[in-house]
Number of protein chains: 4
Amino acid sequence: MTSPASGRPLRADALRNRAKVLAAAEEVFAVQGTSSSTEEVARKAGVGIGTVFRHFPTKESLLEAVLVALLERLAAEAAELRSSADPGAAFFGFFSRVVSQAATKQAITEALAEAGIDARETTGGAGSGLTAALGVLLERAQEAGEVRADVGPGEIMALLAGMSYAAARAGAREDLLRIAFDGLRSRPGPDRGAARG
Amino acid sequence: MTSPASGRPLRADALRNRAKVLAAAEEVFAVQGTSSSTEEVARKAGVGIGTVFRHFPTKESLLEAVLVALLERLAAEAAELRSSADPGAAFFGFFSRVVSQAATKQAITEALAEAGIDARETTGGAGSGLTAALGVLLERAQEAGEVRADVGPGEIMALLAGMSYAAARAGAREDLLRIAFDGLRSRPGPDRGAARG
Amino acid sequence: MTSPASGRPLRADALRNRAKVLAAAEEVFAVQGTSSSTEEVARKAGVGIGTVFRHFPTKESLLEAVLVALLERLAAEAAELRSSADPGAAFFGFFSRVVSQAATKQAITEALAEAGIDARETTGGAGSGLTAALGVLLERAQEAGEVRADVGPGEIMALLAGMSYAAARAGAREDLLRIAFDGLRSRPGPDRGAARG
Amino acid sequence: MTSPASGRPLRADALRNRAKVLAAAEEVFAVQGTSSSTEEVARKAGVGIGTVFRHFPTKESLLEAVLVALLERLAAEAAELRSSADPGAAFFGFFSRVVSQAATKQAITEALAEAGIDARETTGGAGSGLTAALGVLLERAQEAGEVRADVGPGEIMALLAGMSYAAARAGAREDLLRIAFDGLRSRPGPDRGAARG
DNA sequence: CATGAATGAGGCTTCATTCAT
DNA sequence: CATGAATGAAGCCTCATTCAT
């Protein structure tokens, strides 16, 4: 998933450059926002601007690659917790960790939002990877009675994105998570018409 | 508060144009994001580019004016509910309405985030206006036992921003609000270590 | 000479406004250079921008009016010295005074340069007025043997512009005048090929 | 000194383009004044506007480069005459040549004025280079008795700027130089109070 | 007449993208 | 493949000038 779109395999040094660019882009976009220039990325990566465009023919494609990489990493983290002994801790712990990462890397929020919205062609694979892995954690937590039964992975993704956004803007706040987690645990009584517009 | 920075009052036509520009900016920024061009705004408003800059000498000032206007409107909405007979409905209803507006106007999310982060000089007045009005709704709902006692206006603002973001990206989702609202209502038992990183 | 181009006489208040604008322009252009905006002039004059353009339909025309006014003033000064008892002191004193004024008002330099170059339609009248008045001082100084006989008013105007420029840029410098004045007094011997290129 | 600010040497073609831009700027600024647009320069140079800004990131930096180049060229000319057999001819000849160049290139006048005013950081190096080289010519001419002893390089620079200005506006005039040169040669008698204001 | 709001051409600068070296 | 120079569209902003109030 970290290989280029074209079929041909890359030479070792090319692959190294690709990785350098991706890492630089991740950092630059995280720190200075996604409107940073590609030149900035190239500089940070220590390569020429041409190299950036050789590997990622478009700024958008570079941004997407960053998001995909982030999502893949998160998906991997989630997958590791799949068989944790404490499903509740696994689920909530993962959720917390993502949000606290998002506090410093705003790209994460975007990645989550993208992934949450659509299982489109673009981030599709990666996004659904995370959704699936998160789904497993969710399901196990639900079976253990730690999370209410009437929520699905899609809602969790959206909630994750929302909390990450709040954390990115207002700072990582445990208080927000407390509310969200209580909401996720609560066994709702009869519908009290919460969301009337 | 929607009048220009300079002391003198504007001529009727100038005021009309200012309003047109502001409305256009609100729409453009809502639909296409805050990085839309000022030319776009001028076109939408049906005025020359010079007129935009006469009223808002900087793109940033225009953006700020939009955010301030949004926040003021929300604050006014909240203020109207101040003495509602049903404090719980007032609070949750307001929350819902904001989020559903944010679903189409992403500028709202930004406004909330700005307002939530800082009560700085810039959006300061308006932001704190909303925070204050919302604080009243919150307090009354808490007194009525509809909202847990251990949250303050700051958390609500952050939560509002987060939910709005999610709604703006993933669509207005009642399911998310349900979770959040249950979290807000729940009387937390012993700390179950929810937010461990 | 300070009346508008059009034939009709102005109302008293209009005339007053014209004078205010002219004075403001003189000061603004002197201090901040001729690329200052007309708005700046209007502000300084305490009138609306429309008033500036009513009296001077073009920025260029305003600038020209400023230059003309300066030249007229200088011409008047020169004229007053016409019958001075000491022709040498009159001539050199006038020269010095102009240059020292130019040190703070760069518009003077421009005015002199314009006047020196051409007796065109534009500054023509005023420029030739100064040239003529200065010519009288020069002639009398030459008759008194204080200035060499082989220079004419045109040269003096050009020299004045050059010295004014130097003074405006490098500060009023008596040393430069000393050189120039010695050059003007000297009775040249046989041509020593001074200006070989 | 005509190389770019950054340390690295430029590729051959880049250097060629830089030179083209500089030459174009010199001509454009000479003919139409330093307020000509950078687009004009780009057009004249036959390159894209982006290329101009790649080499000179600011209009001001471009202007400065032009002035520095001019001053360097003049300094080099002066340096060549350092050991001329006829110090008087060397000094006055150089002076004449500069002024006659200024007649067509008004940028020279500005360069001289800048250099004369300040030996600041900006044009500093180049400006002082010319001042120094000119100082040598002056000293030798003074030792040969061709120039009065009571003037220094600073005065010469200012005089040069003033004469250049006059030449640029009123045309190259040998008559002005004659006066200035006679002033520079004259052995002043008792102070006749030349520069009284 | 005076005012100042409206206009839009034009200036400077940035940056994604292309292409010669 | 890597490099970085070249490109030009597009963005922000200024300002001389016009015109409705």
Side-chain angles (χ1 to χ4, degrees), chain A residues 10-11 13-15 17-18 21 35-43 46-62, chain B residues 8 10-18 21 35-40 42 45-60 62, chain C residues 10-11 13-15 17-18 21 35-43 46-62, chain D residues 6 8 10-18 21 35-42 45-60 62:
Chain A
L10 288 178
R11 270 169 25 187
D13 57 341
L15 237 160
N17 269 343
R18 204 191 118 94
V21 168
S35 64
S36 310
S37 75
T38 46
E39 290 255 3
E40 182 81 18
V41 172
R43 197 160 33 233
V47 303
I49 181 68
T51 301
V52 173
F53 276 87
R54 164 164 292 273
H55 289 292
F56 307 95
T58 274
K59 185 183 180 181
E60 198 190 342
S61 73
L62 172 60
Chain B
R8 211 156 344 143
L10 285 180
R11 259 160 41 182
D13 57 341
L15 219 110
R16 218 168 17 248
N17 266 339
R18 204 191 119 94
V21 169
S35 64
S36 310
S37 76
T38 45
E39 305 253 5
E40 183 79 20
V47 303
I49 183 66
T51 300
V52 174
F53 278 92
R54 162 169 280 267
H55 289 290
F56 306 96
T58 279
K59 187 189 176 176
E60 198 190 342
L62 173 60
Chain C
L10 288 178
R11 268 166 30 185
D13 59 340
L15 237 160
N17 268 343
R18 202 190 120 95
V21 169
S35 64
S36 309
S37 75
T38 46
E39 290 256 2
E40 182 81 19
V41 171
R43 197 160 32 236
V47 303
I49 181 68
T51 301
V52 173
F53 275 88
R54 162 166 294 274
H55 288 292
F56 306 95
T58 275
K59 184 182 180 181
E60 199 190 341
S61 73
L62 172 60
Chain D
S6 102
R8 210 155 347 139
L10 285 180
R11 260 161 40 181
D13 56 341
L15 219 111
R16 215 168 19 247
N17 266 339
R18 204 190 119 95
V21 168
S35 65
S36 311
S37 76
T38 46
E39 305 255 4
E40 183 80 20
V41 171
V47 302
I49 183 66
T51 300
V52 173
F53 277 90
R54 162 168 280 268
H55 290 290
F56 305 96
T58 281
K59 188 188 175 177
E60 196 189 344
L62 173 59

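Numbers restart at 1 for each chain; the letters A, B, ... are given by sequence-line order, proteins then strands. Predicted model only: the values in this text are computed from it and were never measured.
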Ignoring hydrogens, what is the shortest heavy-atom contact between D/Val41 and D/Leu62? Give both atom names and the distance. CG1-CD2, 4.3 Å
Heavy-atom closest contact (D/Val52 atom, D/Ala42 atom, distance): CG2-CB, 3.7 Å
Along DNA chain E (nearest heavy atom to each residue), the more 5'-positioned of D/Phe56 and C/Thr51: C/Thr51
When rounded to the nearest 0.5 angstrom, what is the spacing between NE2 in D/His55 and CG in D/Leu15? 8.0 Å
Any A/His55 side-chain nitrogen or oxygen under 4.0 Å from OP1 or OP2 of F/dC1: no
Provide, to the nearest angstrom, the distance between the CZ atom belonging to C/Arg18 and the P atom belonging to E/dA2. 12 Å
Measure CZ/D/Arg54 against P/F/dT3 and give the value in whole Å, please. 14 Å
Nucleotide-resolved protein contact map, nucleotides 14-21 of chain E, B/S/- at heavy-atom distance under 4.0 Å: B-SBB---
For the side chain of D/Asn17, counting heavy atoms from C-beta on, which of E/dT3, F/dA6, E/dA2 is nearest? F/dA6
E/dG4 P sits how many Å from C/Arg43 CZ, rounded? 12 Å
Restricting to salt bridge (Lys or Arg N to Asp or Glu O under 4.0 Å), what partner residues turn up for A/Arg43, sequence neighbours left out? A/Glu40
Could I get the full list of side-chain contact (heavy atoms from CB on, under 4.5 Å) partners for A/Glu60, not counting sequence neighbours? A/Thr58
Show the nearest heavy-atom pair for residues A/Glu39 and A/Ile49, with the distance to one decimal. N-CD1, 3.8 Å
Extract the stems that DNA chain F is part of, considering only consecutive pairing runs of at least three Watson-Crick or G-U wobble pairs, both distances under 3.5 Å. E:2-21 with F:2-21
In short, A/Phe56 meets A/Arg18 closest at the heavy-atom pair CE2-NH1, 3.4 Å
